[in-house]
Amino acid sequence: MEYNFRDIEKKWQQRWVEQNTYKVSENQDKKKFYVLNMFPYPSGAGLHVGHPLGYIATDIYARYKRLQGFNVLNPMGYDAYGLPAEQYAIQTGQHPEVTTNQNISRYREQLDKIGFCFDWDREVRTCKPGYYHWTQWAFQHMFNSYYDNRQQKALPIEQLISQLEANGTEGLDVAQSEELTLTAAEWKAMDEKQKSDTLMNYRLAFLGETMVNWCPKLGTVLANDEVVDGVSVRGGYPVVQQRMRQWCLRVSAYSQRLLDGLDTIEWSESIKETQRNWIGRSEGTEVQFQLAGTDESFTIFTTRADTMFGVTFMVLAPESELVAKVTTADQKAEVDAYLEQVKKRTERERMIDKKVTGVFTGSYAINPFTGEKNPIWVSDYVLAGYGTGAIMAVPAHDSRDYAFAKHFNLPVIPLIEGCDVSEESYDAKEGIVCNSPRPGVTPYIDFSLNGLTIKEAIAATKVYVKEHNLGRVKVNYRLRDAIFSRQRYWGEPFPVYYKNGIPTMIPEECLPIELPEVDKFLPTETGEPPLGNATCWAWDEQKKQIVDNKLIDNKTVFPIELFTMPGFAGSSAYYLRYMDPHNDKALVSKEAAAYWQNVDLYVGGSEHATGHLIYSRFWNKFLFDMGISIKEEPFQKLINQGMIQGRSNFVYRIKDTNTFVSLGQKGQYDVTPIHVDVNIVSNDRLDVNAFKAWRPEYNDAQFIFEDGSKGDAAVEGAEYICGWAIEKMSKSMFNVVNPDMIVEKFGADTLRMYEMFLGPVEQSKPWDTNGIDGCHRFLKKLWGMFFDREGNLQLTDAEPSKDELRSIHKLIKKVTDDIENFSFNTSIAAFMICLNELSQIKSKNRSVMEQFAILMAPFTPHFSEELYETLGHNTSVCDAQWPVFNEEYLKEDSVKMMISFNGKARFPMEFPADADNATIEKAVMENPQTAKYMEGWTLNKVIIVPKKIVNVVLKK
RNA sequence: GCCGAAAUGGUGGAAUGGUAGACACGAGGGACUUAAAAUCCCUUGGGCAUAACGCCUGUGUGGGUUCGAGUCCCACUUUCGGUACCA
């Protein structure tokens, strides 16, 4: 009987649904294991074969863990808010919810065909009120929290308020936008609006005036990770820097914990390193420079405190508030012109054209170490958002300062013995300090760094600066606060209304605030975000409900926030929601959180390294501080699956004709390569008739075949061979392979196996349907081990032989180890080897074959279910027991060892398994072949590697 | 520029410092077929042999450590990711 995958897969997929095979619940008797895929954004294009790669890997691991006796949570859901659905809505008027739901149905249909063990009862969709209820809820709690640096955790804002009432900002050590100094009296004297504005400086979710990436074409702001090369990731539109009032999350408060946490999780070193760079911790020194001729001073940040004696000028960021202050009357026109010019340049222009620009302000700063007057310049190479927005320039030891100094002809003072700064700066942190102070110069202060290493000099300077009150030691982070509002329709609405200009939270018990209906998805004519089109979008404080805009009186009825939340809002805590998805009283119940803890294994693309994976960690840490999340890190182990690229096929058309030349013949003609649909090509052979039917213009195509024959159809043996290339899988290259088609042709189990067989999960690799036959053949062959031609089970109940036991236990060990190591391609090879061994010894042993089927269950669930049932079990193979490896069976009577001379392998010899080294050495030396290789040499020593090799080391 | 990962047959890829190329595809040859499909068997890194199946060479390049290196160390080349005035 043939292996009929269509019937088998249909049967089991139905049965799994009927019997709730994959439903999980908290079970205190079993150890939990939580595996998770990054949930997909349901795009209109559906899934291609690349998408399920990670899901299959996760599914295999989940099934394996279940067979090992764990209670496995493997949920799936949809990241349903997003720009494409909204763009589509703008073009067609189709509500984003409608298209999103359609896309989700299509995804679900495709996913179902592959046989995943998802517990669909736990599905979440970020656009459902029951889900975003808890996104809004978390936002409100962030709004009502501040971050205490001493306790290193988030605390309720009320604690901060009572502090301010008691002592003002005295002794406060908290995360803040800017350092404020307030007395208790000043705080108490504030009106409500002023207090609200002041608290924004501390809240973890706050309204801030910040420089944002504004995308005029999309009419919205974008996060840093949504902008690449100065254009938007979605759509590729230009992005400009603009100062705007936006909701922000104080992610930076958690910088140190985000950094420290990386040491406690099992992620790839490369992605941890990416996050470390993104967080960008740098230890440095803040030093105050006095403005010449005044009593005022300003602060700069440097990591190179050792270079204080080499400062030759100062630079301010164009956006710095100091610029206006220090610009002299003479220079004002020039400075203003420069600021104007900088403002006009977009991010993209700055990136492409990195020419040195800047302008002198007319003022000078006094170097506290040398007493020298350094000119203060303005330049856009200094960033307002980092450090203090002001730097001391040391052109000898910083390449950017150097470029600036050369361009504007400013002096360069080398500070390292023997360094050459005539052509470029010496940026390395190695060498002995000199010129600090310079010989012959009367010391301004009694302090010298000469003769120290750079490291020592930095430390010494820090101490000096601190002791003399010139500044302080400071740690800076590159990590910026996340901008948390978008001017879009299709996102979570903010549960916030504006009470006479004061942002106020809608009471927690009134959540969720549902996204209102609008008639247009574009911004309003007055430039308000799309929610400005909503007619029923006002908050009645007394009735505690949303009411018509017309009722706004700013006494009891107020306007609601028009911004919506960004894409990462809904994806930041979804893993917690899966633990308890239907709970309408809490994000997650204490019991469920205590049981499932955090994600043990998370699988997804590495492109989220600086987006989702940072935001999620931040969000989770906040919830951890609140006592909601049990673990400080959300994802214990992370695997980044590689991308599957497309393999495009080409036909070659002779220029200005409708004749196509086969690959091997094309050299003789002047041809244009044309992408051809990979679905009408098999093993690079073109289906000529399908090609002619593919496009009307190819109806009368002529061909020159590989053997040189010509015609409009292939005659006897003539083939048209296509060229190929590895490219991104995309519609425009006609190289998209759809999983449904593969399932239809070969079955889900073959697809699952083949996707894993293709290579390591973490690695990017091209999809090539050609190789899939190998996996399909393997399944057919294995099927043939169980059944004879008539479909009768042909296994026997005899005791397994030694050979059978050795084979199957080798497999148990290999597959177990490989799954643990996420090395699925090698375990599939092991299955194939084992099958060959068993078929060679004509094994028909029931218990051996049953174990084989169970070992395969994670990879080929339908296939294994069918076999398991045939073997007389009336439970799912999912609840079978994973075979236990027994080393006894691998023991051999004799071992084969390679005899080598000076490391060069020569001939094999066989020894009894228990032979000791002396016996082996003796036998080798007595072997007649050994004499041949020893001719002209004398024996030095013999090295014996157990069970592997005997190396005879010879010398002349 | 900086950070990270990688480089092995025609292809995808295997190899705790111990016979490089497992496994699979493709290709070539053969068996069974009137024929095709399916299935099965053999060959398949390169070179020289083939009287006896043995020899030489080979994991991006050049050095090194080692009895022994695809694997470890140093330098370089190339490719792919990430990031970019972060002082």
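Computed over heavy atoms, backbone and side chain alike; hydrogens, waters and symmetry mates excluded. Sequence lines set the chain letters: A, B, ... in the order given, protein chains first and strands last, and positions in each chain run from 1.
The main-chain N or O of A:Ser399 is found under 3.5 Å from a side-chain atom of A:Asp427 such that the two form a donor-acceptor pair.
Of the P atoms belonging to B:G10 and B:A27, the separation is 16 Å, rounded to the nearest Å.
Under the Watson-Crick or G-U wobble criterion, with both distances below 3.5 Å, B:C80 is paired with B:G4. Applying the Watson-Crick and G-U wobble criteria (two distances, each under 3.5 Å), B:A69 pairs with nothing in any strand. The partner of B:U39 is B:A31, by the rule that a Watson-Crick or G-U pair needs both atom distances under 3.5 Å. Nucleotide B:U61 has B:A75 as its partner under the Watson-Crick or G-U criteria, with both atom distances under 3.5 Å. Pairing for B:U16 is absent, judged as Watson-Crick or G-U wobble with the two contacts each under 3.5 Å.
An anti base is found at B:G68: its glycosidic angle is more than 90° from 0.
No salt bridge links A:Lys474 with A:Glu283; every basic N to acidic carboxylate O contact stays at or beyond 4.0 Å.
Contact annotation: side chain of A:Lys765 to base of B:U11, donor-acceptor pair absent below 3.5 Å.
The ring of A:Tyr754 has its center no closer than 6.0 angstrom to the ring center of A:Phe746.
When the C1' atom of B:A6 is taken as reference, atom CD of A:Glu269 falls 16 Å away, rounded to whole Å.
A:Tyr933 comes within 4.0 angstrom of sugar-phosphate atoms only, judged by non-hydrogen atoms across all strands, and of no base.
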